[in-house]
Amino acid sequence: MTDTVDLPVAQRTKRIIAAGTVGNIIEWYDFAIYGLFATVLAKNFFPSGDKVASLLATLAVFAVSFFIRPFGAIVFGAYGDRHGRKKALAATVILMGLGTLMVGVLPTYDSIGVLAPILLVVARLVQGLSTGGEWSGSSVFVVEHAPVRRRGLYGSWVQFGASGGSLLGSLLGVLLGLVFSTAQVESWAWRLPFLLGGVLGAFGLLLRTRLEDTPEFNDLRERGEVVESGLGRAVTSRWRDGARAFGFTLAYTVSVYMLLTYMPTYVTTTTDIKLTNALLSNSIQLAVMLTLIPFAGALSDRVGRRPVLLAFCALAAVLTYPLFLLISVGTIAAVIIGQVVFACVVALIGGAGPTATAEMFPTNVRFSALGISYNLAVAAFGGTAPFISTLLISVTGDHTTPALYMIAAAVVTGLVVLRLPETARRPLRKN
């Protein structure tokens, strides 16, 4: 096979970006289809006379996979800092594909009883373990390959891949709704998207085995400065950077998971809009976000990371509640408009966020430190966002209460960003 080092610059760049982002496509594709088909999975794995209780159980399983993510960050981060980014990312994409495929072949509750939801939890834990090293690892991989004045643009493709995976899952959900009846989807057709995820995993592995490691890591290794315990140093000497990355990730993860995975469920459970129309609206939102993310990344290269990130925090704090009010009107037009505006706001942090977080840490502990801080925030606030939102609505009876969760996260992250140094156009820290 041809190694990327032997390719022309343009082709090499495309292959690096594709290999770096493919894991995020699979990761978010899996999260998307799980979130999008939450009501269907609830009927198959958590049958109950109480629809809310059944849905909450399904979303709780969704959240459980996030609690193992910090452990995945520890395992893959330590391995990636010691043995290279390429090897760690090959391992994460294998596990990711297997976890998604497993959901697609699981027997339902009607077939094997309580063992079915237990196996569903196992599948989600496998996927969560791999995801713990994927986003942080791919961010590090792409950013470390990037020219200094284009790091924001390169890093934005990581979130582009995440949104692309969500869009793929959403469009596939729309297609299933058009091709199959509701009864067929609930009976067996829901399995098809998960089976496709296994195929995507094999394709991702093929891409990643054809790469060389990043120049930053290779340089570190040649100088003999690869640390034996990058994990220990990340925890002991970089805890302040980790705390900043945790706070920074708060609004990032809440807004992304609320919009990319929870919104179709929110629309179908709080309005009279059917699932197919909710998925169509979600697809439009994702298409807009996909289009804008690279522009936001490039903008952060031009004006700096902080102005772009502060604009996101301000807009999220001001617009979130009115947009939830608009969506709760319950017409398809109102839902589409609300989601599209949300997409424009979230694209700002989606474009600048991956690079900004990677730039917070030095090369010798970047994989470990970024992975731990990012995944702790995602586990605590991102993966639980759909569950907490559903619970807030159930307890208060107010469909707009999830907006308060997003606003609080935006305020906290805004305060963190105000204290961050500007890192655009500066060399990456070595150690």
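- By the 6.0 Å contact criterion, CZ on R425 is enclosed, its count of non-hydrogen atoms from other residues, nucleotides or ligands being greater than 12.
- Between the side chain of R151 and the backbone N or O of A356, no donor-acceptor pair lies under 3.5 Å.
- With salt bridges taken as basic N to acidic carboxylate O contacts below 4.0 Å, one links E134 and R208.
- Remark: R85 does not engage E216 in a salt bridge, criterion side-chain N to carboxylate O under 4.0 Å.
- The six-membered or imidazole ring of W135 lies near that of Y252, with a centre-to-centre distance under 6.0 Å.
- Annotation: F71, atom CZ; neighbour count of heavy atoms from other residues, nucleotides and ligands within 6.0 Å does not exceed 12.
- We find that D30 and R124 are joined by a salt bridge, their nearest charged nitrogen and carboxylate oxygen being less than 4.0 Å apart.
- For R306 (side chain) and L418 (main-chain N/O), a donor-acceptor pair under 3.5 Å exists by modelled atom type.
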Practice item. Please step through side-chain hydrogen bond (donor to acceptor under 3.5 Å, both in side chains) for the pair Q127 and T131, ending with a clear verdict. Key: CA-CA 6 Å; Q127 208 277 341; T131 302; 3.2 Å; yes
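- Judged purely by atom type and a 3.5 angstrom limit, T253 has no side-chain atom pairing as donor or acceptor with the backbone of L250.
- You'll find the ring centres of F324 and Y405 outside the 6.0 Å limit.
- Between F194 and W190, the ring planes lie perpendicular to each other; the angle is over 60°, past the 30° to 60° tilted range.
- Note that CG of L120 is 10.5 Å distant from CG of N44, once rounded to the nearest 0.5 Å.
- In this structure, R221 places its CZ atom where more than 12 heavy-atom neighbours from other residues, nucleotides or ligands lie under 6.0 Å away.
- Side chains of T423 and R426: no donor on one and acceptor on the other come within 3.5 Å.
- Ionic pairing of E422 and R305 is not present here: no N-O contact between side-chain nitrogen and carboxylate oxygen is shorter than 4.0 angstrom.
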Exercise for review: Starting from the C-alpha separation in whole Å, work towards a yes-or-no answer on side-chain contact (heavy atoms from CB on, under 4.5 Å) for T108 and R191.
Suggested key: CA-CA 11 Å; T108 64; R191 297 181 181 277; 3.6 Å; yes
